[in-house]
Amino acid sequence: MSTQAPAAKRDRTHYLYIAVIAAVALGIAVGILFPEVGKELKPLGTGFVNLIKMMISPIIFCTIALGVGSVAKAAKVGRVGGLAIGYFLVMSTVALVIGLIVGNILQPGSGLHLTPEIAEKGQEQIAKSEGTVEFLLGIIPKTLVSAFTEGEVLQTLLVALLAGFALQKLGTKGEPIRRGIEHIQRLVFRILAMIMWAAPIGAFGAIAAVVGATGWKALQSLAVIMIGFYITCGLFVFVVLGLIVGLFARVSIFKLLKYLGREFLLILSTSSSESALPRLIAKMEHAGVSKPVVGITVPTGYSFNLDGTAIYLTMASIFIADALDKPLTIGEQISLLVFMIIASKGAAGVTGAGLATLAGGLSSHRPELVDGVGFIVGIDRFMSEARALTNFAGNAVATVLIGTWTNEIDREQLDRTLNGESPFDEATLLDENSKDASAESGMKET
């Protein structure tokens with residue numbers, strides 16, 4: 001008598017992402033045909049992104065606290081973090097240099113004569129920028145729980161690391177607490193899976209609002225920098241990142257990006273890489289990267305590994321200088337590049353943060369160029385999509401690389417996942433089968 005294997009649960013979430021595509025198309029149509037109506041729909045997109053951001057802090061806390069708490073030696077966490085930050089610094093610098101080179105070749109601002117009316121918008125962005133000292137002090141939350149209530153990623157990261165190390169010190173006494181955090185993690189991911197069903201509504205509102213407010217004519221005079229920026233980001237992802245991940249991790253960049261296809265669609269519709277942060281954590285764990293590596297690399301990368309933002313900062317700086325007929329000298333470009341290496345680390349993966357960082361960099365080097373930031377505002381929403389997609393791809397590649405370099409990755413599971421043999425559970429966003437294996441992997445001495 002033969003027993004039949006239980007039928008696999010049907011993945012119904014592909015209907016959700018078909019709905020997202022349809023919602024984006026409908027949003028574009030509404031924005032073009034009824035611009036005033038489109039602008040009024042902005043709260044739909046804002047509300048959806050806020051729902052996602054609401055879940056980021058608890059997900060980061062659970063992931064990192066469990067990952068760090070399961071590691072036998074605290075030195076392993078320090079090694080992973082040090083390696084990740086070192087890699088982030090190198091890649092951000094490479095991205096800045098590429099943006100500088102492409103900006104000098106294209107010179108997209110030549111021939112444009114910006115009007116004085118843009119000065120007010122440019123000056124507004126200076127107030128939003130923050131210095132390095134403020135950024136570092138901002139990592140420390142006011143209270144232990146304010147990191148969760150204020151939604152600051154780095155503050156949550158600090159609290160989660162402290163909780164993880166405390167679980168290490170508690171040993172067997174901390175086991176009930178660890179199991180409790182695991183149950184909370186399941187609950188949080190289930191809530192996130194429920195929120196994702198609102199994605200079509202959020203995508204419709206976000207796209208309709210931006211098309212209604214900006215229109216197509218506003219893009220004509222700025223098409224060169226937009227197209228050049230998109231091409232540059234594409235080359236950076238498929239050539240630079242593709243070469244690195246293929247050489248050091250023996251992973252195809254095309255397979256990795258295909259595995260994360262739904263996340264890219266979500267980012268494209270919301271223009272925020274943060275909207276896909278919780279799913280990136282879940283998917284990287286499913287792909288075989290250990291919890292400590294995922295828990296440290298992904299959240300840290302969202303503040304320190306912003307490759308798309310780095311390219312944007314240098315290209316936009318050259319564009320503004322040329323458009324105002326005040327081009328930057330090579331010495332000024334190098335000085336600005338060094339400043340941006342530091343300043344870009346404080347730019348969050350949220351729409352508009354790159355604009356404030358750009359204003360702060362220009363203000364510190366060539367204050368007379370800040371007026372030109374207002375002209376970028378018109379297309380910043382469209383360029384932020386390329387920034388967010390590039391930032392996300394860079395963090396996915398970084399997670400695979402750090403996992404490979406620290407021997408904290410299951411190669412067989414990674415190959416099965418990227419080849420489509422081990423599908424991700426869209427219903428729970430958790431990989432229950434590999435949970436114990438990941439914990440055991442984290443307990444091994446290295």
J.: Mind checking whether Phe238 and Phe254 have parallel, tilted or perpendicular rings, split at 30° and 60°?
T.: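 Geometry flag for Phe254 against Phe238: parallel rings.
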J.: How long is the span from the CG atom in Leu389 to the CD1 atom in Ile267, to the nearest 0.5 Å?
T.: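 If I round to the nearest 0.5 Å, the distance is 5.5 Å.
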J.: Going through the distances and angles, do Val251 and Arg411 end up as a side-chain contact (heavy atoms from CB on, under 4.5 Å)?
T.: CA-CA 10 Å; Val251 170; Arg411 288 296 313 188; 4.0 Å; yes
J.: Is any side-chain heavy atom of Val159 closer than 4.5 Å to a side-chain heavy atom of Pro141?
T.: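 Yes, side chains in contact.
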J.: At their closest point, which heavy atom of Ala208 faces which heavy atom of Leu41, and how far apart are they?
T.: CB-CD1, 3.9 Å
J.: Using 0.5 Å steps for rounding, measure from the CZ atom of Phe229 to the CE atom of Met315.
T.: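 The CE atom of Met315 is 7.0 Å from CZ of Phe229, to the nearest 0.5 Å.
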J.: Would you say the side chain of Thr404 lies within less than 4.5 Å of the side chain of Arg250, judging by non-hydrogen atoms?
T.: no
J.: If every non-hydrogen atom of Ser92 is compared with every non-hydrogen atom of Ala310, which pair is closest and at what distance?
T.: O-CB, 3.8 Å
J.: Within the structure provided, determine whether Leu257 and Phe264 are in side-chain contact (heavy-atom separation under 4.5 Å).
T.: yes
J.: Side-chain contact test, heavy atoms from C-beta onward, threshold under 4.5 Å: evaluate it for Leu256 versus Leu418 and give yes or no.
T.: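 Counting from C-beta outward, Leu256 and Leu418 do come under 4.5 Å.
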J.: Could you check whether atom CG of Leu26 has more than 12 heavy atoms from other residues, nucleotides or ligands sitting under 6.0 Å from it?
T.: yes
J.: Once rounded to the nearest 0.5 Å, what's the spacing between atom CZ of Phe88 and atom OG1 of Thr93?
T.: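 Taking CZ in Phe88 and OG1 in Thr93, the distance rounds to 13.0 Å.
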J.: With a 4.5 Å limit on heavy-atom distance, are the side chains of Gln413 and Arg416 in contact?
T.: yes
J.: For the side chain of Tyr259 and the backbone of Phe424, is there at least one donor-acceptor N/O pair under 3.5 Å apart?
T.: no
J.: Which atoms form the tightest heavy-atom contact between Ala249 and Leu401, and what is the distance?
T.: CB-CD2, 4.1 Å
J.: Taking atom CG of Leu414 and atom NZ of Lys255, what is their separation to the nearest 0.5 Å?
T.: 10.0 Å
J.: Can you tell me if Lys39 has over 12 outside heavy atoms packed within less than 6.0 Å of its NZ?
T.: yes
J.: Give a yes or no answer on whether the side chain of Asp307 reaches the backbone of Asn391 with a donor-acceptor pair at less than 3.5 Å.
T.: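 Pair absent, no side-chain N/O of Asp307 close to backbone of Asn391.
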J.: Could you tell me the separation between the OG1 atom of Thr390 and the CG atom of Asn395, rounded to the nearest 0.5 Å?
T.: 11.0 Å
J.: The criterion is ring-ring contact (aromatic ring centres under 6.0 Å, His included); which residues satisfy it with Phe34, sequence neighbours excluded?
T.: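 Phe34 satisfies ring-ring contact (aromatic ring centres under 6.0 Å, His included) with no residue once adjacent residues are dropped.
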J.: Determine the minimum heavy-atom distance between Ala396 and Leu280, stating which atoms define it.
T.: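 For Ala396 and Leu280, the tightest heavy-atom pair comes out as CB-CD1, 4.1 Å.
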J.: If you look at every heavy atom in Thr399 and Val298, which pair is closest and at what distance?
T.: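 It is OG1-CG2, 3.5 Å.
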J.: So, do Met284 and Thr297 sit near enough that their side-chain heavy atoms are less than 4.5 Å apart?
T.: no
J.: Is the backbone N or O of Thr417 less than 3.5 Å from a side-chain atom of His286, with the two atoms forming a donor-acceptor pair by type?
T.: no
J.: Would you say the side chain of Ile253 lies within less than 4.5 Å of the side chain of Val397, judging by non-hydrogen atoms?
T.: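 SC-SC contact between Val397 and Ile253 confirmed.
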J.: Could you pull out the closest heavy-atom pair between Ala398 and Tyr87, with the gap in Å?
T.: CB-CE2, 3.4 Å
J.: Applying side-chain contact (heavy atoms from CB on, under 4.5 Å), run through Leu260 and Phe392 and close with a yes or a no.
T.: CA-CA 10 Å; Leu260 299 170; Phe392 184 81; 4.0 Å; yes
J.: Identify the residue among Ile101, Val102, Leu96 that makes a side chain to side chain contact (heavy atoms under 4.5 Å, CB included) with Ile98.
T.: Val102
J.: Is there a donor-acceptor contact under 3.5 Å from the side chain of Thr314 to the main chain of Ile311?
T.: yes
J.: Enter the distance from Leu241:CG to Leu235:CG here, rounded to the nearest 0.5 Å.
T.: 11.5 Å
